[in-house]
Protein chains: 2
Amino acid sequence: MKTDQIKRETGEGRRAAIGKAARQLIVEKGLEGLRTRDIAALVGINIATLHYHVPSKEALIGLVAESIRDDFKVQAARHPRDGKTGLELLRLEFADFAETMEEAPDLIVVMAELTERARRDKAISAIMAPMGDFWRRQIAEILALGAEDGSFRTDLDPKAGALLITGALSEYARTSGKFGPAPALFAEIERAFRRSSTT
Amino acid sequence: MKTDQIKRETGEGRRAAIGKAARQLIVEKGLEGLRTRDIAALVGINIATLHYHVPSKEALIGLVAESIRDDFKVQAARHPRDGKTGLELLRLEFADFAETMEEAPDLIVVMAELTERARRDKAISAIMAPMGDFWRRQIAEILALGAEDGSFRTDLDPKAGALLITGALSEYARTSGKFGPAPALFAEIERAFRRSSTT
DNA sequence: TCATTAATCAATCACTTGATTGATAACGGG
DNA sequence: CCCGTTATCAATCAAGTGATTGATTAATGA
């Protein structure tokens with residue numbers, strides 16, 4: 001257990017540490033207030049060393065975006081999803097989201113920050129946009145499945161419904177604290193898509 | 001029609017011009033890339049003159065936040081809202097939103113940017129948070145009214161429903177272009193809250 | 001063992017950026 | 001017409017800010 005590095009660190013290890021520190025600083029100060037010097041200080045290395053591992057600030061932000069994408073992929077594949085009804089899958093989605101908010105709230109903060117930046121930065125957009133698309137498509141598939149298996153309304157538009165759900169969850173994460181407990185929101189979403197009461 | 005200022009400009013006029021230029025630049029480069037020099041250049045004045053009218057960058061961002069709030073208030077009071085059913089009011093809300101996206105898309109972009117910053121900046125938060133609250137409360141009232149007058153489901157949770165709607169509209173604005181035409185989303189929202197088919 | 005590579009840092013560069021200073025020119029009331 | 005107020009700018013400051021340079025030291029393989 002060599003906690004404190006006496007001397008050196010392997011290349012990939014450093015890159016990972018730099019990415020982690022950058023994410024932490026983005027949470028604290030925003031992308032706007034992100035400084036290479038602060039990152040280096042947090043990692044405990046010289047600025048030149050930081051530039052040795054990550055050539056530019058742009059590349060650094062790209063590194064963060066990639067690390068977010070990786071975390072997102074892990075989160076998306078956490079639970080088995082076979083042989084379940086639409087409603088069960090949707091609840092699984094809710095559970096995943098609640099779990100992420102609990103365990104890795106900074107993931108959501110940094111994602112929001114990068115999504116904002118993606119509007120102007122094509123390189124970031126290339127990484128972040130597919131993530132949003134993936135999420136929405138996954139929810140849309142769940143809704144379509146649920147409409148077939150009787151969990152949800154048959155007049156449901158899966159794509160629009162998916163936008164509703166991802167929007168609501170994002171908004172909840174953004175305003176969290178102000179709005180009450182998540183289950184109340186989850187329940188309302190279920191009612192919004194449930195099959196009409198008569199049979 | 002004195003289009004080009006030969007010499008001077010009144011104080012309030014300048015402040016307004018500075019605010020407008022700042023908003024334009026925030027749309028182009030983000031809050032992150034907002035520079036006092038760029039604003040001054042866009043207005044056509046010296047940096048010192050800018051500081052004469054707006055003492056600091058912080059005050060400048062506050063000015064932008066206030067101008068956004070003012071626009072928001074105008075937008076919110078555009079149509080008469082008395083004597084209508086919940087569904088009619090909701091449709092009015094949709095129309096207002098679509099109109100804003102059409103006529104003043106930068107309003108939405110800047111609002112998103114400031115909302116993001118509000119997370120870290122208390123002064124901005126003090127201006128922006130009430131705006132979001134106001135919007136959500138207004139929608140919640142519409143939903144509550146519609147549940148009473150028979151437009152919407154009776155098992156509707158107005159607060160959760162409002163979060164669903166504002167989240168969906170924000171998400172739509174954020175991803176616009178990717179998702180199809182707004183009416184499809186509006187229609188799905190209506191179905192989500194409509195009274196169950198029987199009766 | 002020893003040359004090569006990988007990793008690190010002190011010092012510094014070139015430029016940006018918010019803000020200030022001191023002087024100057026228009027405006028407007030008396 | 002004159003003087004105080006308002007508005008403006010050229011020049012400059014001080015503190016950053018991303019990035020580079022040149023040298024030094026640990027690891028690594030032949």
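Chain A is the first sequence line, chain B the second, and so forth, proteins listed ahead of strands; every chain is numbered from 1.
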Output the single nucleotide from D:dC9, C:dG18, D:dA19 whose closest atom is nearest the side chain of B:Ile45.
-> D:dC9
Does B:Thr36 put a side-chain nitrogen or oxygen below 4.0 Å from OP1 or OP2 of C:dT17?
-> no
Result for 5'-nearest mapping on DNA chain D, choosing between B:Thr49 and A:Glu58, is B:Thr49
Atom CG of A:Leu25 to atom P of D:dT17: distance rounded to whole Å?
-> 13 Å
Within the modelled atom types, does a donor on one side and an acceptor on the other bring the side chain of B:Arg37 and the base of C:dG18 under 3.5 Å apart?
-> yes
Per B:Arg35 side chain, nearest of listed nucleotides C:dT8, C:dT17, D:dG18 = C:dT17
Should A:Val27 and A:Leu25 be counted in the same cluster of Ile, Leu, Val, Met, Phe, Trp and Tyr side chains packed under 4.5 Å apart?
-> yes
Are B:His53 and D:dT6 close enough that a side-chain N or O sits under 4.0 Å from OP1 or OP2?
-> no
Determine the contact category for B:Leu50: base if any of its heavy atoms lies under 4.0 Å from a base atom, sugar-phosphate if only primed atoms, P, OP1 or OP2 are that close, otherwise nothing.
-> nothing
Looking at the side chain of A:Asn46, which of D:dA10, C:dC9, C:dG18 is the nearest nucleotide?
-> C:dC9
Phosphate OP1/OP2 of D:dT8: any B:Arg14 side-chain N/O under 4.0 Å | yes
If we only count heavy atoms from C-beta on, is the B:Gln138 to B:Glu93 side-chain gap below 4.5 Å?
-> yes
Give A:Leu60 one of three labels, base, sugar-phosphate or nothing, depending on what nucleic acid heavy atoms sit under 4.0 Å from its own.
-> nothing
Those residues at least two apart in sequence (or on a different chain) that pass ring pair (Phe, Tyr, Trp, His ring centres under 6.0 Å) with B:Phe72 are none
When rounded to whole Å, the CG to P distance for the pair A:Asp38 and D:dG16 reads 11 Å
Choosing from D:dA7, D:dC9, C:dA7, which nucleotide comes nearest the side chain of A:Tyr52?
-> C:dA7
Classify the side-chain pair A:Arg174/B:Thr115 by whether it contains a donor and acceptor separated by less than 3.5 Å.
-> no
Give a yes or no on this: more than 12 heavy atoms of other residues, nucleotides or ligands lie within 6.0 Å of atom CD of B:Glu28.
-> yes
Between A:Glu32 (CD) and D:dT17 (P), how many Å, whole number?
-> 11 Å
Atom CD1 of A:Ile47 and atom C1' of C:dT12: how far apart are they, to the nearest Å?
-> 10 Å
What is the distance, rounded to the nearest whole Å, between atom NE2 of A:His51 and atom P of C:dA14?
-> 17 Å
